[in-house]
Amino acid sequence: DVKVTQSSRYLVKRTGEKVFLECVQDMDHENMFWYRQDPGLGLRLIYFSYDVKMKEKGDIPEGYSVSREKKERFSLILESASTNQTSMYLCASRVSSYNSPLHFGNGTRLTVT
Amino acid sequence: ELKVEQNPLFLSMQEEKNYTIYCNYSTTSDRLYWYRQDPGKSLESLFVLLSNGAVKQEGRLMASLDTKARLSTLHITAAVHDLSATYFCAVEANSNYQLIWGAGTKLIIKP
């Protein structure tokens, strides 16, 4: 079974702090994704990576950056956390194929105060 | 721009009833995914539909895809309480790796 592990289940940070959200997958998947999920807004793609050191902006990249130095790890960075970044963050991975579903981590609920 | 619309967004139903969730999308695609999310949990893949006329079934859930109508349906047969969850459809854009998500259908099944 694919396992996608997010480093924190709950996180509370202060406005202006730099925040790192880590995601690790154990199935050698090429593609990795970061989404945020907010009530009434569904899932919105922040960034995705289709290979090591490759990244593409999603729909809402402002205020975020990502890092993919190793195939199994995809990090989301909030450069200067703001209260409007309070949300559930979901990491996902899949093989590099148009036919494969995403496998999601358990999510990180981030609160910025 | 690819858009995905689900309806209804909220559905409250009795056990043993049948119902259908609809997923309409706005442009050509032949790859559609259904996911389930339980409260406070992450998303779980249910079905992958890859061609026109594709039908997949798992227990009381059956999903189908009509690429000509740009419509997928998720049919629930003789609902049971355990199927209470939020169901999402997602359509894969043909030109890149992105999935476009519906807003989700919150399904509550009352005993």
Side-chain angles (χ1 to χ4, degrees), chain A residues 1-10 21 23 25 27 29-51 54-61 68 74 87-109, chain B residues 1-10 21 23-25 28-52 54 56 58 61 63 65 67 72 74 85-106:
Chain A
D1 261 3
V2 176
K3 191 161 186 184
V4 180
T5 303
Q6 293 184 231
S7 55
S8 303
R9 189 79 176 94
Y10 299 94
L21 302 183
C23 176
Q25 50 93 4
M27 286 300 292
H29 285 173
E30 291 86 3
N31 301 161
M32 297 188 75
F33 304 78
W34 275 107
Y35 289 92
R36 65 178 280 178
Q37 185 177 26
D38 301 287
L41 297 177
L43 274 77
R44 293 182 292 168
L45 182 65
I46 305 171
Y47 269 95
F48 69 100
S49 169
Y50 49 90
D51 208 343
M54 308 301 285
K55 60 185 179 184
E56 293 284 341
K57 293 180 180 179
D59 300 318
I60 51 164
R68 185 127 181 244
F74 192 35
S87 186
M88 170 68 89
Y89 289 87
L90 295 170
C91 174
S93 74
R94 71 171 184 180
V95 297
S96 181
S97 163
Y98 285 129
N99 300 337
S100 62
L102 270 64
H103 299 269
F104 283 87
N106 285 331
T108 296
R109 185 164 293 282
Chain B
E1 182 188 351
L2 177 56
K3 292 185 178 178
V4 179
E5 291 186 356
Q6 277 182 249
N7 69 83
L9 298 182
F10 180 79
I21 299 170
C23 176
N24 292 271
Y25 54 97
T28 304
S29 175
D30 57 3
R31 292 179 296 276
L32 190 139
Y33 305 83
W34 283 97
Y35 287 82
R36 167 182 173 148
Q37 186 177 36
D38 292 301
K41 301 281 182 71
S42 193
L43 281 81
E44 172 191 358
S45 176
L46 290 175
F47 300 111
V48 179
L49 302 170
L50 299 175
S51 61
N52 186 40
K56 295 276 183 77
E58 177 86 26
L61 299 178
L65 178 61
T67 58
S72 179
L74 180 66
T86 299
Y87 293 87
F88 291 90
C89 65
V91 177
E92 186 146 15
N94 286 331
S95 59
N96 59 37
Y97 296 93
Q98 292 195 45
L99 270 65
I100 310 300
W101 294 81
T105 297
K106 185 171 184 177

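Of the inter-residue distances, the one linking B:Arg31 atom CZ with A:Ser100 atom OG reads 10.0 Å to the nearest 0.5 angstrom.
For the set A:Gln6, A:Gln37, A:Met88, the entry with the most heavy-atom pairs within less than 4.5 Å of chain B is A:Gln37. The residue among A:Gly107, A:Gly58, A:Gly105, A:Ala92 with the most heavy atom pairs within less than 4.5 Å of chain B is A:Gly105.
Heavy atoms closer than 4.5 Å to chain B are found in both the backbone and the side chain of A:Leu43. Residue B:Phe47 does not touch chain A at all, counting heavy-atom pairs closer than 4.5 Å. Heavy atoms closer than 4.5 Å to chain B are found nowhere in A:Glu56, neither backbone nor side chain.
Heavy atoms only, all atoms of each residue included: A:Phe104 and B:Ser42 are closest at CB-OG, 3.1 Å. Among all heavy-atom pairs drawn from B:Lys41 and A:Arg9, the shortest one is CA-NH2, 4.4 Å.
With a 6.0 Å radius and a threshold of 12 heavy atoms from other residues, nucleotides or ligands, A:Arg44 has its CZ atom above the threshold. Dense packing is recorded around NZ of B:Lys56, with more than 12 heavy atoms of other residues, nucleotides or ligands lying under 6.0 Å away.
Although no hydrogens or angles enter the test, the distance criterion places a donor-acceptor pair under 3.5 Å between the side chain of B:Tyr35 and the main chain of A:Leu102.
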Handout entry: side chain to side chain contact (heavy atoms under 4.5 Å, CB included) between A:Arg94 and B:Leu99, intermediate numbers included
Key = CA-CA 12 Å; A:Arg94 71 171 184 180; B:Leu99 270 65; 3.8 Å; yes

